[in-house]
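All chains are named by letter (A, B, ...) in the order of the sequence lines, taking the proteins before the strands, and each is independently numbered beginning at 1.
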There are 2 protein chains.
Amino acid sequence: MTSPPPKLDAAELVEGFRGYMRDHNLPLTHQREAIASALFHSEEHLSVEDIEAILRDENVHVGKATVYRTLDLLVRAGLVDEHDFGEGFKRFEPRSARSHHEHLICLACGKVVEFTSERIERMKALIADEHGFRHHHHRLDIYGVCSECQGRAAVTLERSPDRPGGGSR
Amino acid sequence: MTSPPPKLDAAELVEGFRGYMRDHNLPLTHQREAIASALFHSEEHLSVEDIEAILRDENVHVGKATVYRTLDLLVRAGLVDEHDFGEGFKRFEPRSARSHHEHLICLACGKVVEFTSERIERMKALIADEHGFRHHHHRLDIYGVCSECQGRAAVTLERSPDRPGGGSR
DNA sequence: GGGTGGCTTGAAACTCGTTCTCAACCCCAG
DNA sequence: CTGGGGTTGAGAACGAGTTTCAAGCCACCC
Ligand SMILES: [Mn+2]
Ligand SMILES: [Mn+2]
Ligand SMILES: [Zn+2]
Ligand SMILES: [Zn+2]
C-alpha cells in the first residue's frame, strides 16, 4: 500500500462550511460540525453508513436523518461531492482544492483510484457544445480489475451466466 | 422532433435471445417473449414502468417480478444494457449492432442524446492501462440543458440554495 | 444570565424501486 | 400425453433515503 497523496485542507473546508452557514443564517449545531468534520478529515469516498460508524466510534450520537440532511447541505454548499458507484447507495467525498477528477473502480476489491485528464475535460465540453447542450456536470467512471486483484479470483466478479435472481444489492 | 436514426434490428436481437435461451436450456415463455419484444422494438431508454405500460397497452399481463427477472436475463445475455441516469430507477435499452455509446442527458426535460467518441474510447483504455487496471466497462454521462430548454425555466433545475429536504426521488 | 422565536433534531413511520417467497402453473423432452 | 423442473405472480420483504412532528437547541436580544 503506497501512501495516498494527502487529500487536502480539512481546515479550509471547515471554514468554508462555517462561512456558508453564517451567510445563510443557519445554525451550526454540534451534529453538523461532527458530520462535516468526519467527512472532511477522511481520505475516502464515504457512505452514510461509514459516516455513522465514524461518529459512533467517537461516541457522538447523530440520527441518520440528520446525517442525510447535513450531507445535503454540504453538497449544496459545494463542499462535498456525491457519487454513485452502482452499489445501491451513495458515497460522499470532500471537494478538495484540486480540480475535478474521475474514478477508476476495481470490481473485485472496490478500490477507487482517482485521475484527471485535461483532454477528457476539453472533450466533454466540446461534445456538449456540438449537441447544443449547456454543460452542467458529467460523470466518468471506469470499472475494471486492479493489478493486485488480477492474480486470482478474477472470476468472482462474473455473475453466473444463467439462473436469474442472484441479487446484488 | 427530428426522426432519430433507426435503432436497428429488433429481429436480430429476438433471434439472439432465442439462441441464448436454447443454449442455456431455458424455456422461452410468452412472458419472456413479450418483454424482450417490447424492449427490442423500442427506440428509447425504458424504465420497468415504461415496459409494464407497453405490455398493459397490448393487454398482456405480466407480473413485475417477471419483468425484472427477464431484464436480468437479457442483460446477462448481452442483449440489453442497463443505465442509471440518477433518477432513482434503472433504464434499459437494447444493445444495437452499433458500437458502445455515451449519453447526454438534459436536466430540464430528461431528453437523452447519444454520441460516440473514438477518442474517448481510446483514452479510457489508455488510462486504465496507466493505472494497471484491466478495463471492464465504463460510463460517461454528461448532464446539461438542451438547446430547446435553454430558452426559459433554466432555473427549475437549480434546487433552492438553503433549506434541506427538497426531495428529488 | 435569562428569554424567545425559529430552526434543528431524532425516532419512527413512510416511500418506492427492487428482490424474495412459495404455491400454482407452464414448457418441452421423452 | 406426461412428468418434472423451471417459471410465474401476488404479496411480503428489503433497504436506502425521506418525511413527520413533538421536543430541544442556537443565536440574538435585552
Ligand atoms: Mn474522488
Ligand atoms: Mn443509449
Ligand atoms: Zn482490486
Ligand atoms: Zn431539454
Side-chain angles (χ1 to χ4, degrees), chain A residues 17-36 45-53 55-56 60-76 80 82-92 159-169, chain B residues 17-18 20-36 45-53 55-56 60-76 82-92 159-169:
Chain A
F17 189 36
R18 276 197 232 284
Y20 179 85
M21 298 306 268
R22 211 177 298 123
D23 295 350
H24 291 257
N25 271 81
L26 298 170
L28 190 53
T29 62
H30 289 146
Q31 291 92 328
R32 285 170 171 174
E33 271 195 305
I35 294 161
H45 301 83
L46 300 181
S47 64
V48 166
E49 205 184 327
D50 292 337
I51 292 171
E52 287 180 314
L55 297 176
R56 208 177 307 121
V60 179
H61 177 262
V62 180
K64 69 175 170 162
T66 299
V67 176
Y68 280 106
R69 287 187 285 230
T70 303
L71 286 170
D72 231 66
L73 218 41
L74 289 165
V75 169
R76 277 202 207 341
V80 164
E82 187 183 300
H83 298 292
D84 179 356
F85 293 145
E87 301 166 297
F89 52 83
K90 305 255 178 73
R91 287 187 178 276
F92 301 83
R159 300 193 288 181
S160 101
D162 31 38
R163 309 243 37 163
S168 65
R169 250 208 203 177
Chain B
F17 189 36
R18 276 198 232 285
Y20 179 86
M21 298 307 267
R22 212 178 295 123
D23 294 351
H24 291 258
N25 272 82
L26 298 169
L28 190 51
T29 63
H30 289 146
Q31 290 93 330
R32 285 172 172 174
E33 272 195 304
I35 294 161
H45 302 82
L46 301 181
S47 65
V48 166
E49 205 183 328
D50 292 337
I51 293 171
E52 287 179 313
L55 297 176
R56 209 178 305 119
V60 178
H61 177 261
V62 179
K64 68 180 164 160
T66 299
V67 176
Y68 279 106
R69 287 187 286 231
T70 302
L71 286 170
D72 230 66
L73 219 42
L74 289 164
V75 170
R76 276 196 200 352
E82 187 183 301
H83 297 292
D84 179 356
F85 293 144
E87 301 166 295
F89 51 85
K90 306 251 177 78
R91 288 188 177 274
F92 301 83
R159 302 193 287 182
S160 99
D162 32 39
R163 309 243 38 158
S168 64
R169 246 209 206 176

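- Residue B:Asp50 comes nearest to B:His45 through the heavy atom pair OD2-O, 4.1 Å, listed as atom of the first residue, atom of the second, then distance.
- Look at CG on B:Leu28: it is 7 Å from P on C:dC28, rounded to the nearest Å.
- Computed from coordinates, the B:Arg91 CZ to C:dT18 P distance equals 11 Å when rounded to whole Å.
- Distance OG1/A:Thr66 to CG/A:Leu71: 10.5 Å, rounded to 0.5 Å.
- Comparing A:His30 and B:Val48 along DNA chain C, the residue whose closest nucleotide (by nearest heavy atom) sits nearer the 5' end is A:His30.
- Below the 3.5 angstrom threshold, one finds no donor paired with an acceptor across the side chain of B:Arg69 and the base of D:dG6.
- Rounded to whole Å, the distance from CD on B:Glu52 to P on D:dT8 is 14 Å.
- Among the heavy atoms of the strands lying under 4.0 Å from B:Lys64 is at least one base atom, whether or not backbone atoms are also near.
- The side chain of A:Thr66 approaches C:dT9 more closely than any other nucleotide in the set C:dG17, C:dT9, D:dG6.
- When the P atom of D:dA27 is taken as reference, atom CZ of A:Arg18 falls 11 Å away, rounded to whole Å.
- When the C1' atom of D:dA27 is taken as reference, atom CG of A:Asp23 falls 16 Å away, rounded to whole Å.
- Note that CD1 of A:Ile51 and OH of A:Tyr68 are 9.5 Å apart. Values are rounded to the nearest 0.5 Å.
- Contact check, A:Thr29 against C:dC7: no side-chain N or O comes under 4.0 Å of OP1 or OP2.
- Put simply, OH on A:Tyr20 and CG on A:Leu28 are 13.0 Å apart, with the number rounded to the nearest 0.5 Å.
- Both B:Pro27 and B:Glu49 lie close to DNA chain C; mapped to their nearest nucleotides by heavy-atom distance, the more 5′-ward contact belongs to B:Glu49.
- Distance A:Asp72 CG to D:dT19 C1': 13 Å, rounded to the nearest Å.
- Phosphate contact (OP1/OP2 of D:dA27, side-chain N/O of A:His24, threshold under 4.0 Å): absent.
- One atom, CG of B:Leu26, and another, P of C:dC26, lie 19 Å apart when rounded to the nearest Å.
- For the pair B:Arg32 and C:dC27, the criterion of a side-chain N or O lying under 4.0 Å from OP1 or OP2 is not met.
- Within 4.0 Å (heavy atoms only), A:Gln31 reaches sugar-phosphate atoms of the nucleic acid but no base atom.
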Practice task
Could you walk me through whether B:Thr70 and B:Val62 pass the side-chain contact (heavy atoms from CB on, under 4.5 Å) test, one step at a time?
Solution key: CA-CA 11 Å; B:Thr70 302; B:Val62 179; over 6 Å; no
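- Within 4.0 Å (heavy atoms only), A:Tyr68 reaches at least one base atom of the nucleic acid.
- The separation between A:Leu73 atom CG and C:dC7 atom P is 14 Å, rounded to whole Å.
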